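Numbering of ligands and ligand atoms starts at 1, following listing order. Everything numeric here is computed off the predicted structure, so don't read it as measured data.
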Amino acid sequence: MRQVYVNGDYLPETEARISVFDRGFLFADGVYEVTLVLDGKLVDFAGHMRRLRRSLGELGMAFALTDEDLLDIHRELIRQNDIEEGLVYLQVTRGSADRDFLFPAEETPNTVVLFTQKKSLVDSPLAERGQHVVTVEDLRWRRCDIKTVQLLYPSMAKMEAKSRGADDAWLVKDGYVTEGSSNNAYIVTPEGTVVTRDLSTDILHGITREAVLQCAEDLQLRIEERPFTVEEAENAAEAFSTSASGLVSPVVRINGREVGPGRPGPIAARLRQIYLERSRASAV
Ligand code: PDD
């Protein structure tokens with residue numbers, strides 16, 4: 001049985017308990033991170049911690065654990081659950097207090113939960129086949145740069161994609177793609193330029209995005225960080241998404257139209273390969 005971490009204890013998943021008054025449960029008053037594990041090691045751990053601190057700061061949420069504490073907990077869970085490849089999920093909420101819209105006193109202890117997911121992410125049938133995506137209106141709140149656990153709309157968008165026979169939804173605001181339901185979105189123009197939306201409160205600042213754009217730069221690809229339209233995406237040479245769970249995942253169909261030849265493209269394949277090599281080399 002899987003061992004999980006809850007507020008200082010490592011427990012079998014069936015024994016872990018959270019209060020019904022937890023603000024994560026009642027108000028989605030919590031933030032999270034998902035870190036990729038390759039060869040039993042954490043990919044871009046420092047980046048995930050940096051973003052966690054930023055999310056906590058934007059919500060004015062106090063948090064006592066240090067990055068070193070969190071690294072120890074991640075590693076201990078990887079060890080206890082024998083994870084070679086997969087994900088570690090970390091969630092921090094503002095803790096538990098009687099239901100009130102006002103935040104509780106500063107000294108209310110956070111709820112901290114971590115668990116692992118053993119998954120084959122490198123050898124992925126979906127990455128090999130290429131994703132089919134459909135576009136769905138982006139009806140999320142306007143602070144998508146904060147990684148909160150408020151994931152109902154992305155979940156609804158993904159269900160809509162599934163009901164339309166697709167693998168994922170790309171969210172669209174004012175005619176421009178913001179990002180995928182749980183990943184950042186990219187196109188490669190017919191001229192070979194990699195285009196992805198610029199950083200703002202409209203998207204999550206992906207840790208994989210940062211690493212993959214560095215790979216693209218080192219490959220001397222042209223990069224434009226700007227919004228792109230649905231029409232531009234449908235007429236692109238290639239498309240792909242990035243995230244800790246999907247790494248670099250080609251997109252071969254958008255709204256039922258084939259992207260380029262309808263097969264995973266060479267730029268996405270090259271970026272996936274380099275990203276993987278670098279991640280394996282730098283994992284901790
Ligand atoms: N999702 N955009 C959104 C809305 C996301 O939820 C995610 C990550 C990303 C990519 O960020 P990163 O490269 O740091 O994983 C972009 C995680 C994997 C999840 O919710 O499971």
Is there a donor-acceptor pair under 3.5 Å between the side chain of S124 and the backbone N or O of L121?
-> no

For [atom], what is the nearest protein heavy atom, given as residue, atom name and distance?
{"atom": "atom 21 (O) of ligand 1", "value": "V34 CG2, 3.8 Å"}
{"atom": "atom 20 (O) of ligand 1", "value": "Y32 OH, 2.6 Å"}
{"atom": "atom 8 (C) of ligand 1", "value": "K147 NZ, 3.3 Å"}
{"atom": "atom 7 (C) of ligand 1", "value": "S182 O, 3.3 Å"}
{"atom": "atom 2 (N) of ligand 1", "value": "E179 OE1, 2.6 Å"}

Closer than 4.0 Å to some heavy atom of [X] - which atoms of ligand 1 meet that?
{"X": "N184", "value": "10 (C), 16 (C)"}
{"X": "G206", "value": "11 (O), 12 (P), 13 (O), 14 (O)"}
{"X": "A244", "value": "12 (P), 13 (O), 15 (O)"}
{"X": "R51", "value": "11 (O), 12 (P), 14 (O)"}
{"X": "S181", "value": "4 (C)"}

Return yes or no for this condition: an N or O of [X] is under 3.5 Å from an N or O of ligand 1.
{"X": "T208", "answer": "yes"}
{"X": "S243", "answer": "no"}
{"X": "S245", "answer": "no"}
{"X": "L204", "answer": "no"}

What part of P154 sits under 4.0 Å from ligand 1 if we count only heavy atoms: the side chain, the backbone, both or neither?
->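 P154 to ligand 1: no contact under 4.0 Å from either part.
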
